[in-house]
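Here's the structure we're looking at; comments come further down.
Just so it is clear, the structure is predicted and the values come from calculations on it, not from any experiment.
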Amino acid sequence: MGRYINPGNAAFKQNINSEIYIDMTGLISFCNKQINTNQRFVCVSRPRRFGKSMTANMLTAYYGRGYDSKSLFDGFEIAGRDSYQANLNRYNTLYINMQNFVSSYKGVTNFLDKLNSFIARDLIKEYPDIDYFDNTSLTDVMTDIFTQTGISFVIIIDEWDCIFREYKEDTKAQNMYLDFLRNWFKDRDYVGLCYMTGILPIKKYGTQSALNMFSEFSMENPGELAKYIGFSTDQVKNLCDRYCMDFDECRTWYDGYSFPGANEIYNPKSVVEAMMRKRFGTYWNQTESFDALRLYIDMNYEGLRDAVISMMAGNKVKIDTGSFSNDMTTFHSADDIMTLLIHLGYLAYDIDTSEVYIPNNEIMQVFGTATSVSKWDEVYIAVKQSDDLLKATWRMDEEAVAAGVQEAHLETNHLQYNDENALSYTISLAYFSAREYYTIVRELPTGEGFADMVFIPRKNYRDKPAIIIELKWNKDAETAIAQIRKKQYVKSLSDYKGNILLVGINYDKVSKEHTCKIEKLAM
């Protein structure tokens, strides 16, 4: 075993020995299909703390030669696949964490020289009897080893994109790095499999990928690897049962990423922390300052502010991801900013509709914090006043509720405001703080129609009343209450035992004022 060549399975052993380990070894079966084919170049991008390094440890333990990993994998999914034995511990496996090189050796030329020389030296120590043509060239050394042994290389690169975060503005350094990788991999017979993982997809030159031999699997389009992005519903349910945690609450906090073939994906970092600490909270957000989000949403691109406000109100926003350059500085539009936020994990993306949205309560809180300390005064005011509006609703203070909604409308009046749907966005933002106490469902099916908005008390807040809100445009609040009763929207809360507030809100397009009517029911 060496420092970089076949470094062992100790890291993966630590992973599976952890109190919580979720079996993701099915991904190995996918990689086995790619070995020694034209599809052997794989780039998988995920947000921070979504298990990228654990996957790299797993692949290193499985493919590497010189050690026996059978006992580590025999109890997991991969052991039941036909390709399991054929590829287990059969390849010269290089594991490189690029962040370690970038952080240790300043300057791209120095970092690449060290990378070349350190790995070449490690390989020569592993194979001292090879007749090397040029023992200072990494590509020549790997070519000679492959030619004389017939053993392919599996190359695993973690944090492959760190240079685009450390050298954000230095395009020359970025191009040198990409040229190095292209020379190392492209058309090299010694590559049996190259698996790169990071946060960003591969950087483009113009509209073309700089490493066009790679198949990419990202948060925008993860393809068949979608189920390995995070935890599935069944996995989270099992954890909640094991740790006596409320599953519905967990879903509200950490679910929301959805892909074809994997409809519900949970943030793995946050789920693990919540289970271990026996408390739901903002754990993923604590791994990076909210300033990272604020930096991008403060950029003054046309339509960005309206899009973010709309998403904070629970809406989805259609975007075009095609012009994104796959870096953190080259932006041409609001769509480019939002595409980056997809890759960073702050937004979820519906590939079928090309829409983005805020995935869960944890991320919603980050947006609330980021906008409150940014230049977005109108959002800050609306969010700050939302607590007062909720308390006024609990008091059944109709005038105060109407005034609060009116104020929220005035603060966000740059949004199009001409129908009940637009009114619902204002109401959602006006009740922003209600997310702490309620699961908020828009357009809830009731059997006789759809209730505009229903606030269902979360498990720890069953002392709060449930709330059914019906919205009217240029009619009256009494008509809204009558519709709730006529269509029996309360049936949607048949399992709820407690007080229910019926709230009718109307906007008069002539007077441009809101009115409110509130009634109480006891179930």
Side-chain angles (χ1 to χ4, degrees), residues 45 47-48 161 164-165 167-171 174 199-209 218-221 256-257 285 288-351 353-359 363-383 408-418 421-422 425-426 428-429 432:
S45 54
R48 56 190 167 81
D161 60 329
F164 300 102
R165 291 175 271 131
Y167 294 83
K168 289 182 181 180
E169 307 288 345
D170 193 341
T171 56
Q174 295 172 11
I199 294 175
L200 294 173
I202 292 173
K203 167 71 176 174
K204 299 176 183 177
Y205 287 135
T207 59
Q208 300 299 318
S209 169
S218 70
M219 294 296 284
E220 179 187 341
N221 185 4
Y257 301 97
N285 302 339
E288 184 174 71
S289 168
F290 64 83
D291 284 333
L293 174 62
R294 187 182 68 169
L295 170 68
Y296 296 109
I297 65 175
D298 269 350
M299 292 185 175
N300 190 28
Y301 284 95
E302 183 178 359
L304 180 60
R305 182 168 299 200
D306 284 2
V308 171
I309 293 173
S310 184
M311 287 187 288
M312 290 179 67
N315 191 28
K316 292 184 176 182
V317 174
K318 198 171 190 67
I319 69 168
D320 179 1
T321 62
S323 64
F324 181 56
S325 297
N326 295 351
D327 64 28
M328 305 183 83
T329 57
T330 308
F331 305 114
H332 306 96
S333 66
D335 285 358
D336 288 347
I337 299 292
M338 289 186 281
T339 304
L340 174 61
L341 295 181
I342 295 170
H343 296 295
L344 295 179
Y346 290 109
L347 293 179
Y349 181 66
D350 186 331
I351 191 172
T353 63
S354 301
E355 292 176 317
V356 289
Y357 56 96
I358 297 173
I363 306 300
M364 185 68 78
Q365 289 198 14
V366 181
F367 272 88
T369 302
T371 54
S372 70
V373 297
S374 71
K375 305 168 186 176
W376 296 31
D377 292 341
E378 71 273 25
V379 180
Y380 168 70
I381 294 171
V383 170
H409 166 50
L410 292 174
E411 295 297 343
T412 58
N413 61 9
H414 57 292
L415 291 176
Q416 192 175 10
Y417 199 71
N418 54 12
N421 194 44
Y425 301 152
T426 295
S428 295
L429 191 61
F432 187 87

(request) Could you tell me whether a side-chain N or O of Tyr357 sits under 3.5 Å from a main-chain N or O of Asp350, the two making a donor and an acceptor? (result) no
(request) Verify, without hydrogens or angle tests, whether Tyr257 (side chain) and Gly345 (backbone) share a donor-acceptor contact under 3.5 angstrom. (result)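 Pair found, side chain donor or acceptor close to backbone of Gly345.
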(request) Apply side chain to side chain donor-acceptor pair (under 3.5 Å) to Thr321 and list each qualifying residue two or more places apart in sequence or on a separate chain. (result)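 Per chain and number, Thr321 pairs via side chain to side chain donor-acceptor pair (under 3.5 Å) with Glu220.
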Which atom names give the shortest non-hydrogen contact between [X] and [Y], and what distance separates them?
X: Arg165; Y: Met328; value: CG-SD, 3.1 Å
X: Ala313; Y: Ser428; value: O-CB, 2.8 Å
X: Thr330; Y: Ser325; value: CG2-OG, 3.6 Å
X: Glu169; Y: Thr329; value: OE2-CG2, 3.5 Å
X: Asn315; Y: Ser310; value: ND2-OG, 2.7 Å
X: Ile337; Y: Met299; value: CD1-SD, 3.4 Å

(request) Could I get the full list of ring pair (Phe, Tyr, Trp, His ring centres under 6.0 Å) partners for Phe367, not counting sequence neighbours? (result) none
(request) Please name all residues satisfying ring pair (Phe, Tyr, Trp, His ring centres under 6.0 Å) with Phe432, sequence neighbours left out, ordered by chain then number. (result) none
(message) Which residue in the set Glu355, Met219, Met338 passes side chain to side chain contact (heavy atoms under 4.5 Å, CB included) when paired with Leu347?
(response)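 By the side chain to side chain contact (heavy atoms under 4.5 Å, CB included) criterion, Leu347 pairs with just one of Glu355, Met219, Met338: Met338.
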(message) Taking salt bridge (charged side-chain N to carboxylate O under 4.0 Å, His left out) as the cut-off, I'd like each qualifying pair that reaches into residues 319-341, sequence neighbours left out, listed once.
(response)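 Residue pairs with at least one partner in residues 319-341: Lys203-Asp327.
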When rounded to the nearest 0.5 angstrom, what is the spacing between [atom1] in [X] and [atom2] in [Y]?
X: Asn221; Y: Tyr349; atom1: CG; atom2: OH; result: 8.5 Å
X: Gln174; Y: Lys168; atom1: CD; atom2: NZ; result: 11.0 Å
X: Ile363; Y: Ile358; atom1: CD1; atom2: CD1; result: 9.0 Å
X: Leu429; Y: Ile309; atom1: CG; atom2: CD1; result: 7.0 Å
X: Asp306; Y: Met311; atom1: CG; atom2: CE; result: 10.5 Å

Test item: [X] and [Y] side chains (from C-beta on) under 4.5 Å apart, heavy atoms:
X: Leu341; Y: Ile297; value: yes
X: Arg294; Y: Thr369; value: no
X: Tyr296; Y: Tyr346; value: no
X: Leu340; Y: Phe331; value: yes

(message) Please enumerate all residues that pass side chain to side chain contact (heavy atoms under 4.5 Å, CB included) together with Pro201, with sequence neighbours excluded.
(response) Ser45, Glu216, Ser218, Asn326, His343
(request) Kindly write out the residues that satisfy side chain to side chain contact (heavy atoms under 4.5 Å, CB included) with Asp170, not counting sequence neighbours, or none if the list is empty. (result) Tyr167, Lys172, Ala173
